[in-house]
Amino acid sequence: MKKSLLFLALTLLATGLFAQGNSPAKTQKKAPTVVLKNNLDSASYAYGIAIATSVKRQLTDDMNPDMLIAALTAALKGDSVLFTPEAAQACFADYNKMAQAKASEKSKKEGLLFLENNKKRKEVTTTASGLQYEVLKHGTATQSPKATDKVEVHYHGTLLDGSVFDSSVERGQTSSFGLNQVIKGWTEGLQLMHVGDKFRFVIPADLAYGDRSPSPKIKPGSTLIFEVELFKILPN
């Protein structure tokens with residue numbers, strides 16, 4: 001796994017993931033004093049931060065930083081390492097699969113508990129698939145989209161803790177897409193709406209992204225909450 005971390009970090013860096021890592025830094029222990037003597041020192045130090053940022057996005061908190069540093073040091077100096085590039089990639093793939101399964105299991109348990117409590121509210125309807133919806137506003141139209149239709153909506157997506165992972169509302173621009181191009185919860189849920197309606201959907205993991213993590217903001221196995229307002233059914 002050691003050398004695989006280096007390959008992963010460099011790959012993620014090359015694809016521009018470092019540019020996304022602008023979240024506020026957590027409180028950390030004071031690092032040893034480092035003296036940057038020239039531009040090369042500064043660039044090298046900055047590159048180290050980039051690698052660490054990329055790696056931390058992919059690995060859990062139980063990563064062994066000593067092993068990471070040992071592999072980086074050996075690889076950069078041209079010393080022998082314990083894995084071939086192919087073995088390193090295989091090792092990381094196994095680790096990543098295990099970590100995702102663990103994260104997914106935890107997220108699913110949290111989602112099931114939330115869904116169980118939410119369905120007790122009188123405003124909430126639960127469909128046969130497990131999708132939950134609540135009518136926030138009724139429109140005046142009678143037309144509902146079909147699974148093959150394209151729609152224009154505003155939406156606001158949050159996790160169970162209330163953090164926003166995607167929102168056309170915050171961007172200030174509506175979104176258009178085909179109902180056969182989105183997650184199952186959306187395909188089912190939008191067909192329950194009429195033009196002008198605004199619903200809140202609670203979408204179980206198996207109707208969302210399942211065990212996949214489509215972005216750093218959405219963990220595997222996540223239950224998702226969307227507030228959706230249906231503006232138009234568009235011509236195909």
Chemist: Do Tyr155 and Phe231 belong together in a cluster built from hydrophobic side chains that touch within less than 4.5 Å?
Modeler: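 Unlinked, Tyr155 and Phe231 end up in two clusters.
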Chemist: With clusters defined by side-chain heavy atoms of hydrophobic residues (ILVMFWY) lying less than 4.5 Å apart, directly or transitively, does Leu159 cluster with Phe201?
Modeler: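 They do share one cluster, since a chain of ILVMFWY contacts under 4.5 Å joins Phe201 to Leu159.
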Chemist: Other residues, nucleotides and ligands only: do more than 12 of their heavy atoms fall within 6.0 Å of CD on Glu123?
Modeler: yes
Chemist: Dump the intermediate steps for side-chain contact (heavy atoms from CB on, under 4.5 Å) on Thr53 and Ile49, then the final yes or no.
Modeler: CA-CA 6 Å; Thr53 302; Ile49 295 173; 4.0 Å; yes
Chemist: Between Arg171 and Asp166, does the salt bridge (Lys or Arg N to Asp or Glu O under 4.0 Å) criterion hold? Intermediate values first, please.
Modeler: CA-CA 9 Å; Arg171 290 193 296 272; Asp166 193 13; 2.6 Å; yes
Chemist: Taking all non-hydrogen atoms of both residues into account, name the closest pair between Ala147 and Thr187 and its distance.
Modeler: CB-CG2, 4.1 Å
Chemist: If you compare all heavy atoms of Phe83 against all heavy atoms of Cys91, which two are closest, and at what distance to 0.1 Å?
Modeler: CE1-SG, 4.1 Å
Chemist: For a quick test of reading the model, state the closest non-hydrogen atom pair linking Gln100 to Asp211 and the distance between them.
Modeler: OE1-O, 4.1 Å
Chemist: Could you measure the distance from the CD1 atom of Ile225 to the CZ atom of Phe165? Nearest 0.5 Å is fine.
Modeler: 9.0 Å
Chemist: May I ask you to check whether Thr142 and His194 show a side-chain donor-acceptor distance below 3.5 Å?
Modeler: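 No, no side-chain donor-acceptor pair sits under 3.5 Å.
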Chemist: So which of Val151, Val153, Leu224, Leu131 actually passes side-chain contact (heavy atoms from CB on, under 4.5 Å) with Trp186?
Modeler: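 It is Val153, the one option of Val151, Val153, Leu224, Leu131 that forms the side-chain contact (heavy atoms from CB on, under 4.5 Å) with Trp186.
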Chemist: Quick one: do Asp149 and Lys146 make a salt bridge, cutoff under 4.0 Å?
Modeler: yes
Chemist: Out of curiosity, does Ile69 fall in the hydrophobic cluster containing Met67 (side-chain heavy atoms, cut-off under 4.5 Å, transitive links)?
Modeler: no
Chemist: Is it the case that atom CG in Asn117 sees more than 12 heavy atoms from other parts of the structure closer than 6.0 Å?
Modeler: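 Count over threshold, so yes.
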Chemist: Indicate whether the side chain of Ser168 and that of His154 have a donor and an acceptor atom separated by less than 3.5 Å.
Modeler: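 Looking only at side-chain atoms, His154 and Ser168 do form a donor-acceptor pair, the distance falling under 3.5 Å.
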Chemist: With hydrophobic residues grouped by side-chain heavy-atom distances under 4.5 Å, do Leu192 and Val182 end up in a single group?
Modeler: yes
Chemist: Between Thr174 and Glu229, is any pair of side-chain heavy atoms under 4.5 Å apart?
Modeler: no
Chemist: Hey, which of Arg121, Lys198, Lys122 is the one that makes salt bridge (Lys or Arg N to Asp or Glu O under 4.0 Å) with Glu134?
Modeler: Arg121
Chemist: Stepwise, does the side-chain contact (heavy atoms from CB on, under 4.5 Å) test hold for Thr223 with Val202?
Modeler: CA-CA 7 Å; Thr223 293; Val202 181; 3.7 Å; yes
Chemist: Take Glu152 and Ser176 through the test side-chain contact (heavy atoms from CB on, under 4.5 Å) and record every step on the way to the result.
Modeler: CA-CA 4 Å; Glu152 179 183 343; Ser176 300; 3.7 Å; yes
Chemist: Using 0.5 Å steps for rounding, measure from the NZ atom of Lys150 to the CG atom of Asn180.
Modeler: 11.0 Å
Chemist: Same cluster for Leu179 and Leu207 if Ile/Leu/Val/Met/Phe/Trp/Tyr side chains link at under 4.5 Å?
Modeler: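 Yes, it is one cluster - the side chains of Leu179 and Leu207 are joined through contacts under 4.5 Å.
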Chemist: Test Asp41 against Tyr45 for side-chain contact (heavy atoms from CB on, under 4.5 Å), laying out the working first.
Modeler: CA-CA 6 Å; Asp41 285 353; Tyr45 192 85; over 6 Å; no
Chemist: Quick one: NZ on Lys102 to NZ on Lys219, what's the gap to the nearest 0.5 Å?
Modeler: 11.5 Å
